[in-house]
Number of protein chains: 2
Amino acid sequence: MRVFRLQGYHHSSMADLARACGVQKAHMYYYFENKEALMRAVLEAVLSYAEARVFPLAYEDERSPEARIEDIIGQLRRLLAMDQGGCLMANTALEVSHLQPAPDFLAVVRAFFEQLLDALTHLLKHILPPEAAQSQAETQVAALEGALLLSQVYEDPAYFERGLERLSALFTPIA
Amino acid sequence: MRVFRLQGYHHSSMADLARACGVQKAHMYYYFENKEALMRAVLEAVLSYAEARVFPLAYEDERSPEARIEDIIGQLRRLLAMDQGGCLMANTALEVSHLQPAPDFLAVVRAFFEQLLDALTHLLKHILPPEAAQSQAETQVAALEGALLLSQVYEDPAYFERGLERLSALFTPIA
DNA sequence: GTCTATACTTGGATAGAC
DNA sequence: GTCTATCCAAGTATAGAC
């Protein structure tokens, strides 16, 4: 996961990946059919983590929206840490989305963003009408990923931090 | 440029690039020292275009901000067309920003975003206090690139279109 | 300036011993 | 389940004829 995040899909060789795992290159093929299957497994691991520890936070309806968004932001800060390669889902999407044929692991990327959008939409419905909530969730996910991009361009985590703050601010208006 | 946008930097081979240019692979080395120099030249061509035809639109102070932002949006729609590979600057940044050593063409990417941010900040100063203008420019560039990402993830130009509309709407409040 | 031919390296993947 | 050895294709880059 670390290698793919830092070096990208195509630039990560099976040798790089094997070294990071502390095994011989050939041994990778005992567990994974090929490089694409390995990437799929990595992306599925990220998705599983988010499904277990991040998205559910949004649906804890007995807690306040403010508290829930703060927890989610904390998780996103770790999951997308810019100094560890940023967002693997976004990096991968931009690197392979136009390839023909498209690698099948793109479906995992889509599932990730869909669930992230749904989770945020659910939270925003507490402070906005349903339609506006969906639109605002889309805006916020885009703004967050874009802020992460700027952080990587300028090697400055502040852009991403400000993106997280703007998301947080939505739930703590003035008061 | 087309090949790099669609396939990414590392996945584009000199053979791919030569074919797209209609010359033999070896001939590419007559014009460019290596693949990295070729990528630099491509990025510089994009930057030059933006410096000549896009950014200056923001500074035509005799025209209304609304008119200027509409022209800029029109240019961005073409320059970042999602079905042609999206934003080469963003794609490239995410693909190579964590490599060590970092390719020197990253400086061109930084220059592009810096000038885009400056241009948007200048325009926003017509409707916001200076400090808020800078902050809002950062937010809008991030939101736009993020919207483009979502368009590529879902193969749906609508996300990017809505991003452009939200930018446009900033300059035409209610009225 | 453009081509053919080719050197040299790396990359993905397999075979088979242990 | 892990290793060594190896195959073959693709990749970057160069040499040299025309």
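The sequence lines fix the lettering, A, B, ..., with proteins before strands; numbering per chain opens at 1.
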Practice task
Go along nucleotides 4-16 of chain D 5' to 3' and tag each nucleotide: B for a protein heavy atom under 4.0 Å from its base, S when only backbone or sugar atoms are that close, - otherwise.
Solution key: BB-----SBBBB-
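Every residue was checked against the ring-ring contact (aromatic ring centres under 6.0 Å, His included) condition with A/Phe113, not counting sequence neighbours, and none meets it. Every residue was checked against the ring-ring contact (aromatic ring centres under 6.0 Å, His included) condition with B/His98, not counting sequence neighbours, and none meets it.
Atom P of nucleotide C/dT4 and atom OH of B/Tyr30 are separated by 17 Å, given to the nearest angstrom.
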Less than 3.5 Å apart, which donor and acceptor atoms pair up between the side chains of residues 50-60 of chain B and the rest of the protein, not counting sequence neighbours?
{"unit_1": "B/Glu51", "atom_1": "OE2", "unit_2": "B/Gln115", "atom_2": "NE2", "d": "2.7"}
{"unit_1": "B/Tyr59", "atom_1": "OH", "unit_2": "B/Ala119", "atom_2": "N", "d": "3.4"}
{"unit_1": "B/Glu60", "atom_1": "OE1", "unit_2": "B/Arg63", "atom_2": "NH1", "d": "2.8"}

Taking distance alone, no hydrogens or angles, what donor-acceptor pairs closer than 3.5 Å link side-chain atoms of residues 14-33 of chain B to residues at least two apart or in another chain?
{"unit_1": "B/Asp16", "atom_1": "OD2", "unit_2": "B/Ser13", "atom_2": "N", "d": "3.2"}
{"unit_1": "B/Asp16", "atom_1": "OD2", "unit_2": "B/Ser13", "atom_2": "OG", "d": "3.2"}

In a table with atom names and distances, give each donor-acceptor pair under 3.5 Å that connects a side chain of residues 76-86 of chain A to protein atoms at least two apart or in another chain.
{"unit_1": "A/Arg77", "atom_1": "NH1", "unit_2": "A/Glu161", "atom_2": "OE1", "d": "2.7"}
{"unit_1": "A/Arg77", "atom_1": "NH1", "unit_2": "A/Glu161", "atom_2": "OE2", "d": "2.8"}
{"unit_1": "A/Arg78", "atom_1": "NH2", "unit_2": "A/Tyr49", "atom_2": "OH", "d": "2.5"}
{"unit_1": "A/Arg78", "atom_1": "NH2", "unit_2": "A/Gln75", "atom_2": "OE1", "d": "3.3"}

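Within the nucleic acid shown, B/Tyr31 comes within 4.0 Å of sugar-phosphate atoms alone, with no base atom in reach, counting heavy atoms only.
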